[in-house]
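Taking it in order: structure first as structure tokens, then the write-up.
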Number of protein chains: 2
Amino acid sequence: MDELPEGLRRLWSPEGSARQGQPRPGLTLSRIVEAAVGMADEQGLGSVSMSRLARSLGYTTMSLYRYVSTKDELLLLMHDSAWRVPTVLDDFPEQWRPALVLWCREQRTILHRHPWLERIRITERVGTPSQLTWMDRGLRALGGVPLTEYEKGQVLLLLNGFLFWQARLAADLQESLREEERPPEEAIMGVADMIKTLVTADRFPALLRAVEGGLFALPQDWQDPQAGADADFLFGLDRILDGVQDLIDRRLAPAALPD
Amino acid sequence: MDELPEGLRRLWSPEGSARQGQPRPGLTLSRIVEAAVGMADEQGLGSVSMSRLARSLGYTTMSLYRYVSTKDELLLLMHDSAWRVPTVLDDFPEQWRPALVLWCREQRTILHRHPWLERIRITERVGTPSQLTWMDRGLRALGGVPLTEYEKGQVLLLLNGFLFWQARLAADLQESLREEERPPEEAIMGVADMIKTLVTADRFPALLRAVEGGLFALPQDWQDPQAGADADFLFGLDRILDGVQDLIDRRLAPAALPD
DNA sequence: TAAACTATGTGTATGCCGTACACCTCGCGT
DNA sequence: ACGCGAGGTGTACGGCATACACATAGTTTA
């Protein structure tokens, strides 16, 4: 516990606990982290600088360094705070598949609320309390399934990748739109038009066929972009879980070899 | 073609073509891009700054701005250059599955060679020649398959997500190790030890069981880390493609409803 | 009550970054 | 011979993270 890297130690200690009798907080670690998370949510992680953050709290840049020894440490704290595991996951569906779907949905909700989470280096999160908890819950969901523990880990990693990818798509889009001067619909229309101009039969035959066949015409009766995003999410999730199901089935009936 | 965003225009124009008879190149766009790619490959994208790049070429910072109007534009050029589609993909396996596997493998090779590609904003790549070509090849691989064009797009996007996720894991790891002062094995051991310390039965029962059950004990007879990474790659890819297979099967035999 | 200590906040300075802008200097076409 | 324009440079600005010396005020101790 004592040789933990600087930032992690704070996360695993049972709160500051006010060393002697020092009063007069003024600033507070949690206030800082909270403000930073809010700022990142609203204006993107890129706009969170030590000086802007301090100013938004009514203090000077350097005051933050009394609470955090480096910006990376602040990011780690923001990360762990945002990834707090909801209590829904204390009680699980019995079946592995609905359980995993729930696990994914909850993570998706978090990533949706804090798109910048996707940006934080994965190795940074390794020893974080929230991360270990998520891992634990995921493994519990797969508790009764006939896979090796290593394979279970692989499955969770695969799902995590999918979730992060979805988050990334959303975050990149959001950020691009933020930088655009045109209104969102117009910008998107512009890109679609551009694609249609560039995709010619000689260079991109298959793509052209797909575009004409409705690659950009959206499925079913959607209007609501939210519904579209949900449908896309479920499409990918279902493919992956079907693949996992296949693996499990094969484990259960190992006799049938391919002819 | 004329209203393309600044950076894209250059990518779609048939090469600079030396306006009149200006000689004395000295610097060259392609030399710059090449050097930037090399630097990013070797020392990470973070170490590519305009001044360091210029210095490595023997020029001053500002000289680069004669060839590129902004650093983002340079990144776009690096991106397109690195993503050039290999000619292997001009000729494809007939079967969709081996074709897609090939498609993925080739992308993986590129991402492996240029880990920083993963960092470039996805929306940035949309209109890029290389990106459209990759899309075209992927759709061709799925040419004979009974899915809607929209679904084909979804499948390709899903696979792309997986590829990017793998690249991201590798890139983050590499970068972390670069920042470490300890040698790689030692650092990795340190993390493993840390995990084992933190994972206690009361807070993480399922995780503890998994750790004891071999979550970190690697599968089969691997020693070579490369072989391990390959195995992980194939595991994920197989799950996803199995899921796609299921969908296709269901399309071919739509009669059988679940009882 | 006075003195010392210390947690908290500030101001200044350094060295990076991207890039705007004014300049300089060639070699070519006139 | 001249001037024009392309290619290269130097300087300067504002923003970034952060090191370090300093100011201040409240508690603890003498």
Side-chain angles (χ1 to χ4, degrees), chain A residues 6-7 10 13 15-33 35-36 39-40 43-78 116 119-121 124 175 179, chain B residues 6-7 10 15-33 35-36 39-40 43-78 116 119-121 124 175 178-179:
Chain A
E6 180 53 34
R10 184 167 281 140
S13 309
E15 208 56 37
S17 76
R19 258 151 294 190
Q20 333 241 40
Q22 286 89 356
R24 194 171 3 104
L27 262 185
T28 298
L29 222 203
S30 58
R31 267 188 68 202
I32 294 174
V33 173
M39 185 177 289
Q43 313 174 51
L45 190 57
S47 81
V48 178
S49 76
M50 295 305 264
S51 68
R52 275 174 46 76
L53 177 59
R55 191 156 346 123
S56 88
L57 286 161
Y59 290 81
T60 61
T61 307
M62 292 313 291
S63 65
L64 302 183
Y65 285 95
R66 291 284 165 204
Y67 297 85
V68 127
S69 67
T70 203
K71 189 182 179 182
D72 274 355
E73 193 180 315
L74 174 61
L75 285 178
L76 191 63
L77 294 170
M78 293 169 65
W116 47 269
R119 291 278 184 101
I120 288 168
R121 205 195 281 158
E124 216 70 81
E175 201 168 306
E179 286 176 10
Chain B
E6 180 53 33
R10 185 166 281 141
E15 207 55 37
S17 75
R19 256 147 301 187
Q20 332 239 39
Q22 285 91 353
R24 197 171 358 102
L27 262 185
T28 298
L29 222 201
S30 58
R31 268 188 67 202
I32 294 174
V33 173
M39 186 177 289
Q43 313 174 50
L45 190 56
S47 82
V48 178
S49 76
M50 295 306 264
S51 67
R52 275 174 45 77
L53 178 58
R55 191 154 347 116
S56 88
L57 286 161
Y59 291 81
T60 61
T61 308
M62 292 313 291
S63 65
L64 302 183
Y65 284 96
R66 292 283 164 205
Y67 297 85
V68 127
S69 68
T70 203
K71 189 183 179 182
D72 274 356
E73 194 179 314
L74 174 62
L75 285 179
L76 191 62
L77 293 170
M78 293 168 66
W116 47 271
R119 291 279 184 101
I120 289 169
R121 205 195 282 157
E124 216 69 82
E175 201 168 306
R178 215 193 317 260
E179 286 176 11

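Just so it is clear, the values below take in all heavy atoms, side chains as well, and ignore hydrogens, waters and symmetry mates. The structure presented is a predicted model; accordingly, all values stated were derived computationally and were not measured. Within every chain, numbering begins at 1; the chains are lettered A, B, ... in the order of the sequence lines, protein sequences first and strands thereafter.
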Could you state the [atom1]-[atom2] distance from [X] to [N], rounded to the nearest angstrom?
X     : N      : atom1 : atom2 : value
B:L29 : D:dA6  : CG    : P     : 16 Å
B:R52 : C:dC17 : CZ    : P     : 7 Å
A:Y59 : C:dA7  : OH    : P     : 18 Å
B:L45 : C:dC17 : CG    : P     : 13 Å
A:L57 : C:dT8  : CG    : P     : 16 Å
B:L53 : C:dC16 : CG    : P     : 17 Å

Suppose we screen for salt bridge (Lys or Arg N to Asp or Glu O under 4.0 Å). Which residues come up paired with A:E175, at least two apart in sequence or across chains?
A:R119, B:R121
Please state whether the phosphate of C:dT10, meaning OP1 or OP2, lies under 4.0 angstrom from any side-chain nitrogen or oxygen of A:T60.
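Indeed, a polar side-chain atom of A:T60 lies that close.
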For B:Y67 and D:dA6, is the shortest distance between a side-chain N/O and OP1 or OP2 below 4.0 Å?
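The answer is no; no side-chain N or O of B:Y67 sits under 4.0 Å from OP1 or OP2.
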Each nucleotide N or O in nucleotides 18-22 of chain C that has a protein N or O under 3.5 Å away: list the pair and distance.
from, atom 1, to, atom 2, distance (Å)
C:dG18, OP1, B:K71, NZ, 2.6
C:dG18, OP2, B:M50, N, 2.9
C:dT19, OP1, B:T70, OG1, 2.7
C:dT19, OP2, B:Y65, OH, 2.9
C:dT19, OP2, B:K71, N, 2.8

Of all pairs that satisfy salt bridge (Lys or Arg N to Asp or Glu O under 4.0 Å), the ones with a partner from residues 58-78 of chain B, not counting sequence neighbours:
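Sorted result for residues 58-78 of chain B: B:R10-B:E73.
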If every non-hydrogen atom of [X] is compared with every non-hydrogen atom of [Y], which pair is closest and at what distance?
X     : Y     : value
B:S63 : B:L27 : OG-CD1, 3.7 Å
A:L57 : A:Y59 : O-CD1, 3.2 Å
B:T70 : B:V68 : O-CG1, 3.1 Å
B:Y67 : B:L29 : CD2-N, 3.8 Å

Name all residues meeting the side chain to side chain contact (heavy atoms under 4.5 Å, CB included) criterion together with A:T61; count only those two or more places apart in sequence or in a different chain, and write none if there are none.
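If we apply the side chain to side chain contact (heavy atoms under 4.5 Å, CB included) test to A:T61, skipping adjacent residues, the hits are A:M50, A:S51.
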Taken in chain and number order and not counting sequence neighbours, the residues that satisfy side chain to side chain contact (heavy atoms under 4.5 Å, CB included) with A:Q43 are A:M39, A:S47, A:R52
Estimated bend of the helix from C:dT1-D:dA30 to C:dT30-D:dA1 (axis per five terminal pairs, rounded to 10 degrees)
20°
Gap between atom CG of B:L77 and atom CD1 of B:I32 - 0.5 Å precision:
9.5 Å
